[in-house]
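Just so you know, these numbers come straight off a predicted model, no measurement behind them. We count ligands from 1, going down the list as the structure has it; atoms in each ligand are counted the same way. Numbers for residues simply follow the sequence, beginning at 1.
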Amino acid sequence: MTSNAREVVIDRNGGPETMYVRRRRLGQPAAGQLLLRQTAIGLNFVDIYFRRGEKPVPSFPFVNGFEGVGVVEQAGAGTSFLSGDRVAYLLEPGSYASHRLLPAHRAIRLPGWLSDVEAAAVLLKGLTADYLVHTIHHVSRDDVVLVHAAAGGVGSFLCQWTRHLGARVFGTVGTEAKRERALSLGCEAVFVTAAGDWLSKFMEATSGSGATIIYDGVGRDTFLKSLAALAVRGKLMAFGSASGNPEPLDIALLNEKSVTIANPGVQHFIHERDELDRRVSRLFVALEIGTLSLPTVTRFALDDAASAHRALEGRVTTGSVVLIP
Ligand code: NDP
């Protein structure tokens, strides 16, 4: 069997207008590969870094996207999958496509209660929240947490999980419209960054002591203020840069309050299959028993991936964005 795949590609870095649809015939899956008919594709802010050139693409033409869900159309030799199996994957480039070949050892089987769109909405963002709250720093009731972009994809999970672990949780959002959403995710108070005075309001709310841990996926616009918002011995998880990379920092600044800054990447926390499986099962249990609620999902057609990029980049989405082939 061969499949005629529709893919969204770029030939150069640039704005959303650089993305276009092409057709390509896929061959048979080789040994150890699966041919997938994709049903839902998770959009992530990292896709925007690759499109804009802030992260280098391996070569052009480049099919963006790192996360997807689909049905096995054909399994190559030596795999334990059958035609018709539903699987998801993450961190395998090339997910903006109707069909694709996938190394079978990267496939994750999905429970029946999770729909394809839901799976595409939760996997990469949920596993990111998982290592941030359970591994790099184990959040507890002793923590005062500040989550930037609290109503966003990763932010929605961070708020709920840290609250569940007993911490006091505060959030920032870009607009008043997102405030209610972040409050519903467990934040004690949510500050609107557009108002400009979130730092003083946050310090006041914590009686001047600041945050023991800050999750900052915004980067340039929040970084220095995040540093100021840390408690003595606090930790800043600088895990993303939606507003651009922060300026270089004089390391002596960290000594003023004995603070720690980490710049971690999810790829280093799911590299081994055992660790990936453990994190996936913890995420699925948390969703099944309601520790985490399923995110709001904004859907776009795969062919309209450019509009999806504009929406995510334009800060108008909350929760997750999913492309439908
Ligand atoms: P989000 O849904 O959180 O979207 C990004 C949000 O960032 C926006 O909604 C917006 O929220 C906020 N933001 C602030 N300033 C800007 C700006 N100038 N342009 C665009 N957005 C801005 O995206 P994701 O959940 O996909 O990713 C969140 C962050 O997590 C990203 O930085 C991403 O790179 C990072 N990430 C890191 C991983 C890791 O392991 N290191 C893994 C996965 C994601 P608001 O308007 O409310 O401020």
Side-chain angles (χ1 to χ4, degrees), residues 15-16 41-52 54-55 64-67 90-91 95 120-137 146-161 170-183 185 187 190-196 198 214-223 225-226 236-246 261-271 275-276 279 283 295-298 300 308-323:
I41 297 156
L43 193 77
N44 291 285
F45 212 91
V46 69
D47 307 355
I48 291 172
Y49 306 144
F50 277 95
R51 193 205 73 225
R52 295 198 295 218
E54 287 150 24
K55 284 188 185 283
N64 208 336
F66 295 85
E67 175 176 31
L90 69 164
L91 301 190
S95 71
V122 302
L123 207 56
L124 197 149
K125 298 165 189 75
L127 296 188
T128 300
D130 180 68
Y131 85 77
L132 286 170
V133 307
H134 292 118
T135 307
I136 197 155
H137 168 85
L146 178 62
V147 180
H148 290 301
V154 179
S156 296
F157 289 120
L158 287 172
C159 293
Q160 295 177 82
W161 235 337
F170 297 86
T172 71
V173 291
T175 58
E176 193 62 43
K178 296 183 188 174
R179 222 171 68 85
E180 284 305 313
R181 177 76 197 140
L183 283 170
L185 297 165
C187 292
V190 176
F191 312 106
V192 178
T193 48
W198 68 262
I214 299 182
Y215 296 106
D216 192 341
V218 169
R220 185 191 298 267
D221 288 355
T222 44
F223 182 73
K225 286 184 177 174
S226 289
L236 173 54
M237 297 299 137
F239 71 100
S241 47
S243 67
N245 284 320
I261 302 181
N263 181 203
V266 64
Q267 67 278 16
H268 301 125
F269 294 83
I270 56 171
H271 184 65
E275 189 169 12
L276 172 65
R279 292 194 190 285
L283 174 66
T296 54
V297 178
T298 310
F300 289 88
H309 273 228
R310 285 190 189 97
L312 188 58
E313 221 170 355
R315 304 170 69 166
V316 296
T317 63
T318 57
S320 299
V321 181
V322 172
L323 302 176

query = Heavy atoms only: which of H268, H148, R315 is nearest to atom 10 (C) of ligand 1?
reply =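 Among H268, H148, R315, the closest heavy atom to atom 10 (C) of ligand 1 comes from R315.
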query = Which residue from A238, G219, G42, A149 reaches closest to atom 6 (C) of ligand 1 through any of its heavy atoms?
reply =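 Ranked by closest heavy atom to atom 6 (C) of ligand 1, first place is A149.
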Show me which atoms of ligand 1 lie under 4.0 Å from any heavy atom of [X].
| X | answer |
| --- | --- |
| G153 | 1 (P), 2 (O), 3 (O), 25 (O) |
| V218 | 14 (C), 15 (N) |
| Y49 | 31 (C), 32 (O), 33 (C), 34 (O) |
| E313 | 19 (N), 20 (C) |
| S241 | 32 (O) |
| N44 | 26 (O) |
| L124 | 43 (C) |

If you have a sec, work out which protein heavy atom is nearest [atom] and how many Å separate them, to one decimal?
| atom | result |
| --- | --- |
| atom 44 (C) of ligand 1 | V154 CG2, 3.9 Å |
| atom 26 (O) of ligand 1 | F45 N, 2.9 Å |
| atom 47 (O) of ligand 1 | G174 N, 2.8 Å |
| atom 37 (C) of ligand 1 | F239 O, 2.9 Å |
| atom 17 (C) of ligand 1 | A242 O, 3.5 Å |

Taking the side chain as every heavy atom from C-beta outward, state whether [X] and [Y] have any pair of such atoms under 4.5 Å apart.
| X | Y | answer |
| --- | --- | --- |
| F269 | L127 | no |
| L124 | L91 | yes |
| L183 | E180 | yes |
| H268 | E275 | no |
| S241 | R220 | no |

inquiry  = Tell me the closest heavy-atom pair linking A308 and V321, and the distance in Å.
reply    =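 Here A308 and V321 meet closest at CB-CG1, 4.2 Å.
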Contact summary for A242 and Y49, nearest pair of heavy atoms =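 Smallest interatomic distance, heavy atoms only, reads N-OH, 3.3 Å.
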Just distances here: any N/O of [X] and N/O of ligand 1 closer than 3.5 Å?
| X | value |
| --- | --- |
| L43 | no |
| L312 | no |
| G217 | yes |

Is [X] touching ligand 1 with its side chain, its backbone, both, or neither, if touching means heavy atoms under 4.0 Å apart?
| X | answer |
| --- | --- |
| Y131 | side chain |
| K178 | side chain |
| A150 | neither |
| T128 | side chain |

query = Between T193 (side chain) and V173 (backbone), is there a donor-acceptor pair under 3.5 Å?
reply =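 Looks like yes, one N/O pair under 3.5 Å.
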request  = Using only heavy-atom distances, determine whether the side chains of S156 and R181 contain a donor-acceptor pair under 3.5 Å.
outcome  =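 Side-chain D/A pair, S156 to R181: absent.
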key: Intermediate values then yes/no, side-chain hydrogen bond (donor to acceptor under 3.5 Å, both in side chains), T172 and H148   = CA-CA 5 Å; T172 71; H148 290 301; 2.8 Å; yes
inquiry  = Please confirm whether P264 approaches ligand 1 to less than 4.0 Å, judged on its heavy atoms.
reply    =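 Judged by the 4.0 Å heavy-atom criterion, P264 does count as contacting ligand 1.
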ask   = Is the shortest distance from a heavy atom of G265 to ligand 1 less than 4.0 Å?
value =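 It does, in that a heavy atom of G265 comes within the 4.0 Å cut-off of ligand 1.
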ask   = So, are E176 and R179 salt-bridged, with charged N and O less than 4.0 Å apart?
value =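 A salt bridge is present here (some side-chain N lies under 4.0 Å from a carboxylate O).
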Measure the spacing between [atom1] of [X] and [atom2] of [Y] and express it to the nearest 0.5 Å.
| X | Y | atom1 | atom2 | value |
| --- | --- | --- | --- | --- |
| R52 | H309 | CZ | NE2 | 10.0 Å |
| T175 | R315 | OG1 | CZ | 8.0 Å |
| D130 | I136 | CG | CD1 | 12.0 Å |

